[in-house]
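Okay, structure first, notes after.
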Amino acid sequence: MIGRFRKILGSLRPEFYHRSSEHLDPYFTFTDYRKIWGIGIFLLAATALLPLMVVTIIYYQLIQKSVDSELILRTERVTSNARRAVTFFLEERLNALRFTVNEIDYDQLTNPDHLAELLRNLKLGFGGLTDLSVISHLGIQVAYAGPFKLEGKNYSKQAWFVECQKYNFYVSEIFRGYRDLPHIIIAVKSFRPDGTHFILRATLETERLIQTLSSYETGEHADIILVSRAGIIQTPSKYYGDIFEKMALPVPDYSPRTETVMAIDGQRRSIITGYAFISTQIADTPFILMVIKQKAKMMGVWLELRSKINWFVGFAILVIIFVVAITCTFMVNKLYLADKAKAEAMAVMEQNSQLASIGQLAAGVAHEINNPLALINETAGYVKDLFIIKEQYSKDDELLENIDYILEAVARCGTITRQLLGFARKFDVKIQRVNLNEVISDVLVFHNKEAEYRNVNVFVDISKDIPEIETDRGKLQQVLLNLVNNAFQAVDNGCNLDITALPEGVNKVSITISDNGCGMPEENLTKIFEPFFTTKERGKGTGLGLTITYGLVKKLHGNISVKSRENEGTAFIITLPIHLQEEMRKDENSFGR
Amino acid sequence: MKQYDLLIVDDEQRFADMLARRLNLRGCNCDVCYNGREALNILKRKKLDLILLDLHLPDIYGTEVLTRIRKYDESTPVIIVTGHGTEKDRRECMQQGAYAFMHKPVGIDELMTILAEIGEMSA
């Protein structure tokens, strides 16, 4: 099962992924198709996806911003309204007490019946009042109306009494009283005609205040509470702690205005907090109003939309990557196949050219041999003639001399044949130590006669610093032969051909073959190594000579370049490594094979 | 047998000498020269029966020598004897009026046959 799956996967893999034709490598235009493929996919995907991502991110940020500012505005409005309500609640009651102490004199107030009457009236007017008491300037409760018997109690040491004396008014935090019900104390100080003062104190139930607050609650996930300045929760909270306990959020910094801030709560929820320090026109209060909204819950609709968009964008990205990968694989594979076809054609061409040049060589050699053979023929024929026609063959010096001629001519043939055989052997792909001087001489042997007839001056200048180089002798010889052939075709009779070789750096040599022949226009320079490019008459040149030369130089890990000026001449410069084996090893390592 | 006056033109000196000796042994009277210019000079002062002409001469190419010969001498037979002859050379020479186009090495008997042919024609 797994084997079959692998087989299917393997057949899906593009051809360039498992290229096997290593013998064609030197003819390929591009070497690393996997890299081209990778870069192609990356670039195409990046180009396609980047705008999509950027637009999505900008869209999210814009929406986020507008949603945030809308939430802040709404929270601020609720906070502001609730603040007014709480302030009014306290202010109304403080004003009622102030009106009472200003309107009714001390003696009447201390009359228990009158005070009880007053409490009744205030309860009718405002509701939520538990008791009313009058405290003398010494802190002794002189009159009390309410459910507890508290007359005569001494408040002089209590904090609220001290504070009320100091500031004329007092509003307490919410606390549990004798009946274990949360309530607030408010007190107002007033002066008597004799200059002493007294305090009228009232205990308020908190139920109304809580009702007022909860009427401002908007939705499930909002919390409106009062906290003391020390952070103790004063009214019931849904999410941030029990009443009279420390609030689970930090106490905000003081501000005279309504403020709204974004924050993260203890449970890592994003929240929007509106707060206001409650302060009446008459007196400061210890309360901070806090409106806390959970952002995530408020943004439910938007978040749902965002998740839909996310799904859509995710799907779009997958589709784009899929299409890009398929397209890229298809294109790179096509490129690979085209390149492979070209490489195969080039390999065949090079082989053909090698065969053709061997043929040419053989023909040339045969021609060269004809002259010495003719001499052998005539000399041997003459010897035979001497034997037949003259009878004085014994002890004949002339005979001996002529036999020497024959031997000499045979030796000449031998030299040529040896050279031919040597040249043939040089097509082996083995690396050997090569003396440049020898190779160049070997190549020039084939042009000696032509140079002589056409009066072409061949100058060879090999620097003495050039060591023997390790390379493929046959290929180097063919490269030089091709270039020398070209030069001979380009020059007129009487022109010069220079072959120079110089060391280049430590590891390379450069060989320059230059002539002062017809040269070529600049626009041809870039094309001369292209296959089938020729400046010769139709049918005269194949346009493959320099392509093959180029391929051979590359095989030798070298470089070939050309400089030329029309009517001034052409120079081909070949740079070759001194140690081919080393270069090949380096190459193998870098390909990680 | 008639004594033929021959000129051998070949830059391969030893070959030319040797061929001359062999032909002389066969009753010919051979002159030898090693380049085109000399050949043309000899032709100007001497009437010949046959010229054996190489193509690859150091000064003037064989076909050119033939062309110049034909300018003032239309009749003397010229046999091209070459080591490097191409088909193009052969065609050109035959057009210029060469009697034969032979590749080295040349058999002496073959040469003698041609000589006999020429003798018969001129007789």
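Order of the sequence lines fixes the chain letters, A, B, ..., with proteins taken first and strands second; residue numbering starts at 1 for each chain.
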Check your understanding: Nearest heavy-atom pair of B/Leu25 and A/Tyr382: which atoms, and what distance?
Key -> CD1-CE1, 3.5 Å
Review point. How far apart are the closest heavy atoms of B/Pro105 and A/Ala374, and which atoms are they?
Key: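 Closest approach of B/Pro105 to A/Ala374: CB-CA, 3.6 Å.
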Measuring from [X]:[atom1] to [Y]:[atom2], what's the distance to the nearest 0.5 Å?
| X | Y | atom1 | atom2 | result |
| --- | --- | --- | --- | --- |
| B/Met18 | A/Ile376 | CE | CD1 | 12.0 Å |
| A/Lys384 | B/Ile108 | NZ | CD1 | 11.0 Å |
| A/Tyr405 | B/Asp17 | OH | CG | 8.0 Å |
| A/Leu375 | B/Gln13 | CG | CD | 11.5 Å |
| B/Asp10 | A/Asn371 | CG | CG | 7.0 Å |

Is the number of heavy atoms from other residues, nucleotides or ligands under 6.0 Å of [X] [atom1] greater than 12?
| X | atom1 | value |
| --- | --- | --- |
| B/Arg37 | CZ | no |
| A/Phe488 | CZ | yes |
| A/Glu401 | CD | yes |
| B/Lys47 | NZ | yes |

Exercise for review: Indicate yes or no: at least one non-hydrogen side-chain atom of A/Asp385 is less than 4.5 angstrom from one of B/Arg26.
Suggested key: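 Side chain of A/Asp385 against side chain of B/Arg26, heavy atoms only: contact under 4.5 Å found.
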Check your understanding: Non-hydrogen atoms of chain B under 4.5 Å away: do they reach the side chain of A/Asn402, the backbone, both or neither?
Key -> side chain
